[in-house]
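Everything below concerns the one structure shown next.
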There are 2 protein chains.
Amino acid sequence: MTERPTGLREQKKEATRKALREAALRLAIEREPDNVRVDDIAQAAGVSPRTYNNYFPSREHAIVAAVTADRESRVAAAVRARPDARLADAVADAIVDAYTDPGEHGREALLLITTHPALRQTYAETTSSALEGPLATALAERVHADPQTARVLAASVAAAVRIAIEEWARPSGALVVPSGPLPDLLRAALAPLAPALDAVESRATGD
Amino acid sequence: MTERPTGLREQKKEATRKALREAALRLAIEREPDNVRVDDIAQAAGVSPRTYNNYFPSREHAIVAAVTADRESRVAAAVRARPDARLADAVADAIVDAYTDPGEHGREALLLITTHPALRQTYAETTSSALEGPLATALAERVHADPQTARVLAASVAAAVRIAIEEWARPSGALVVPSGPLPDLLRAALAPLAPALDAVESRATGD
DNA sequence: CAGAAACCTTGCGTGCACGCAAGTTTGCGT
DNA sequence: ACGCAAACTTGCGTGCACGCAAGGTTTCTG
């Protein structure tokens with residue numbers, strides 16, 4: 001499933017992708033993100049600037065990809081892994097797990113993303129859109145509703161996550177409340193959707 | 001509220017904006033959208049190319065703005081106008097009303113947007129994001145929940161609308177079902193969210 | 001009504017995204 | 001082992017978004 005289809009060309013591609021996102025993150029940390037040209041990233045990774053855009057659709061994406069990794073598909077897998085739990089709980093737990101303590105280098109990188117407006121937006125955006133697809137598939141399997149319903153619910157969850165992340169990464173001009181740690185924000189944002197998840201779950205079970 | 005703050009500078013600005021979006025739509029219809037440069041639109045509207053981007057953030061936005069107009073804020077107003085109806089119904093009706101029969105020139109323009117991938121995406125995207133803010137405000141007034149909850153629900157509704165529009169504007173390679181007219185798609189996409197809207201409504205009422 | 005302040009337009013320069021058409025590498029069948 | 005086809009990289013060219021600063025217009029203020 002997550003194995004390499006053939007072997008060697010795929011390795012090279014993955015190596016290049018990794019080199020690019022790590023170079024992007026490293027450069028963004030040591031200089032300011034604004035002072036990093038895409039040419040620099042490409043050069044640091046040993047490829048042409050044109051190739052950079054074969055891997056990432058924008059300058060910001062490589063940087064956030066260094067943090068994001070494959071969280072989104074792990075969320076989908078975690079939801080699948082608990083078919084007995086209440087759906088709303090399974091979703092909330094999976095998301096909180098995935099977005100809690102993003103790892104070692106993540107700490108400094110997240111500060112960077114939080115600080116920088118363009119990165120903030122790309123982060124929330126890609127997180128949300130990357131989550132929508134896999135989660136929709138997982139939901140469609142889990143409840144036996146039509147794909148459209150699963151897609152709407154997945155998109156709603158993704159939107160809630162995006163809002164939580166935006167809230168969490170807000171500049172917070174010291175006037176408003178710090179609005180708490182990310183896990184709490186995530187659960188609070190997901191709470192309003194619980195009735196909808198419950199409904200589709202019971203409807204599927206009772207059907 | 002929707003009045004001009006002072007007068008004359010605002011008139012000129014609105015005139016320019018209107019000239020730009022109408023020029024954009026006209027050119028996009030008579031040539032193909034791909035054959036319309038932003039320079040052409042600017043010239044047709046009698047402003048410099050640089051000024052174009054002071055009004056619209058991308059080439060596609062002017063075209064979809066010609067169709068979109070101010071639908072999104074009308075949705076918010078319509079929700080506010082029916083404080084007695086069930087929230088889920090008020091939202092669904094308001095949205096269906098706003099997105100049904102977009103007007104005269106809309107017919108041809110919508111075909112154009114439907115046909116063209118980049119326009120489709122911009123259309124669904126701006127529609128959704130333009131809806132989220134005003135609707136969140138309206139919801140926050142209507143139910144007396146915290147703003148965060150209102151925002152999540154508004155974003156979910158916006159996501160559902162986006163999905164319905166995407167589905168409706170899908171190329172539909174004649175293999176899948178035509179998936180029906182837009183109002184039906186909208187109601188179907190909004191249906192899964194009704195429990196969440198009911199819940200926040202009763203919680204606010206009972207509170 | 002004159003001067004100032006706010007605002008808008010515009011040209012210029014830069015960086016970026018991407019289509020296209022070579023040129024090069026990898027994989028596979030025979 | 002060989003050669004072809006698919007896939008990847010790269011340079012080039014184009015169009016676009018946008019920061020910046022100069023100049024013009026509208027609005028505000030005394």
Side-chain angles (χ1 to χ4, degrees), chain A residues 3-21 23-25 27-28 31-65 116-123 125-126 129, chain B residues 3-21 23-25 27-28 31-65 116-123 125-126 129:
Chain A
E3 46 189 314
R4 50 226 64 152
T6 47
L8 193 154
R9 188 169 273 171
E10 305 300 322
Q11 288 178 11
K12 272 194 171 180
K13 276 196 74 170
E14 201 44 52
T16 303
R17 167 167 270 109
K18 187 178 177 183
L20 278 172
R21 66 177 176 229
L25 180 57
L27 291 178
R31 327 171 184 179
E32 284 291 282
D34 287 333
N35 301 333
V36 180
R37 312 275 128 253
V38 51
D39 296 34
D40 304 334
I41 303 175
Q43 188 173 20
V47 296
S48 86
R50 182 61 183 86
T51 295
Y52 174 92
N53 277 57
N54 290 343
Y55 283 83
F56 296 100
S58 93
R59 187 172 65 90
E60 287 80 12
H61 273 74
I63 301 179
V64 308
H116 218 79
L119 290 180
R120 274 214 314 271
Q121 176 169 353
T122 305
Y123 182 63
E125 221 164 64
T126 63
S129 68
Chain B
E3 47 190 314
R4 47 224 66 149
T6 45
L8 196 157
R9 185 121 77 188
E10 306 300 322
Q11 287 177 13
K12 273 193 174 183
K13 278 196 72 170
E14 201 44 52
T16 304
R17 169 168 269 109
K18 185 178 178 183
L20 279 172
R21 64 178 178 230
L25 181 58
L27 291 177
R31 326 170 186 181
E32 283 291 283
D34 288 332
N35 300 333
V36 180
R37 312 275 128 253
V38 52
D39 297 32
D40 303 335
I41 303 175
Q43 188 173 18
V47 297
S48 86
R50 180 64 184 85
T51 295
Y52 175 91
N53 278 81
N54 290 344
Y55 283 84
F56 296 101
S58 93
R59 186 171 65 89
E60 286 79 12
H61 273 75
I63 301 180
V64 308
H116 219 77
L119 290 180
R120 273 214 314 272
Q121 176 169 352
T122 306
Y123 182 62
E125 219 165 64
T126 62
S129 69

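Heavy atoms only: backbone and side chains are in, while hydrogens, waters and symmetry mates are out. Letters A, B, ... are given to chains in the order of the sequence lines, protein chains preceding strands, and every chain is numbered from 1.
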Expected output: side-chain [X] to main-chain [Y] donor-acceptor under 3.5 Å:
X: B:Y52; Y: B:A45; result: no
X: B:S129; Y: B:E125; result: yes
X: A:Y55; Y: A:A62; result: no
X: A:T16; Y: A:K12; result: yes

From [atom1] ([X]) to [atom2] ([Y]), nearest 0.5 Å:
X: B:R17; Y: B:E14; atom1: CZ; atom2: CD; answer: 6.0 Å
X: A:N54; Y: A:S48; atom1: CG; atom2: OG; answer: 7.5 Å
X: A:H61; Y: A:T122; atom1: NE2; atom2: OG1; answer: 6.0 Å

Value in whole Å for how far the [atom2] atom of [N] lies from [atom1] of [X]:
X: A:N54; N: C:dA22; atom1: CG; atom2: C1'; value: 15 Å
X: B:E60; N: C:dA17; atom1: CD; atom2: C1'; value: 12 Å
X: B:N53; N: D:dG19; atom1: CG; atom2: P; value: 10 Å
X: A:Q121; N: D:dA17; atom1: CD; atom2: C1'; value: 14 Å
X: A:Q11; N: C:dG27; atom1: CD; atom2: C1'; value: 14 Å
X: B:E10; N: D:dT26; atom1: CD; atom2: P; value: 13 Å
X: B:R17; N: C:dC7; atom1: CZ; atom2: P; value: 16 Å
X: B:R9; N: C:dC7; atom1: CZ; atom2: C1'; value: 4 Å

Fill in: B:T51 side-chain proximity, nearest of C:dT26, C:dT9, D:dT27
C:dT9

Discussion item. I want to verify a distance call: between D:dT9, D:dC16, D:dT27, whose nearest atom is closest to the A:T16 side chain?
Written reply: D:dT9

Discussion item. Short of 4.0 Å, heavy atom to strand atom, which residues of residues 34-50 of chain A count as contacting DNA chain D?
Written reply: A:V47, A:S48, A:R50

Discussion item. Applying a 4.0 Å non-hydrogen cut-off, can you work out what A:Y52 is touching in the nucleic acid: base, sugar-phosphate, or nothing?
Written reply: nothing

Worksheet item: Contact class for A:F56 (heavy atom, under 4.0 Å): base, sugar-phosphate, or nothing?
Response: nothing

Discussion item. Let me check the geometry of the helix from C:dC1-D:dG30 to C:dT30-D:dA1. What is the bend angle between the axes at its two ends, five pairs each, to 10°?
Written reply: 30°

Worksheet, complete the sentence: DNA chain D nearest-nucleotide lookup for B:S58 and B:K12: closer to the 5′ end is B:S58

Practice prompt. For B:F56 and B:R21, run side-chain contact (heavy atoms from CB on, under 4.5 Å): C-alpha distance rounded to whole Å, both residues' side-chain angles, the deciding distance at 0.1 Å, then the answer.
Written response: CA-CA 9 Å; B:F56 296 101; B:R21 64 178 178 230; 4.2 Å; yes

Side-chain donor-acceptor distances from residues 35-44 of chain A under 3.5 Å, at least two apart:
| unit_1 | atom_1 | unit_2 | atom_2 | d |
| --- | --- | --- | --- | --- |
| A:R37 | NH2 | A:D34 | O | 2.4 |
| A:D40 | OD2 | A:R31 | NH1 | 3.0 |
| A:D40 | OD2 | A:R37 | N | 3.0 |

Worksheet item: Does a side-chain N or O from A:Y55 land closer than 4.0 Å to OP1 or OP2 of D:dT9, or not?
Response: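 For D:dT9, OP1/OP2 do have a side-chain N/O of A:Y55 under 4.0 Å.
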
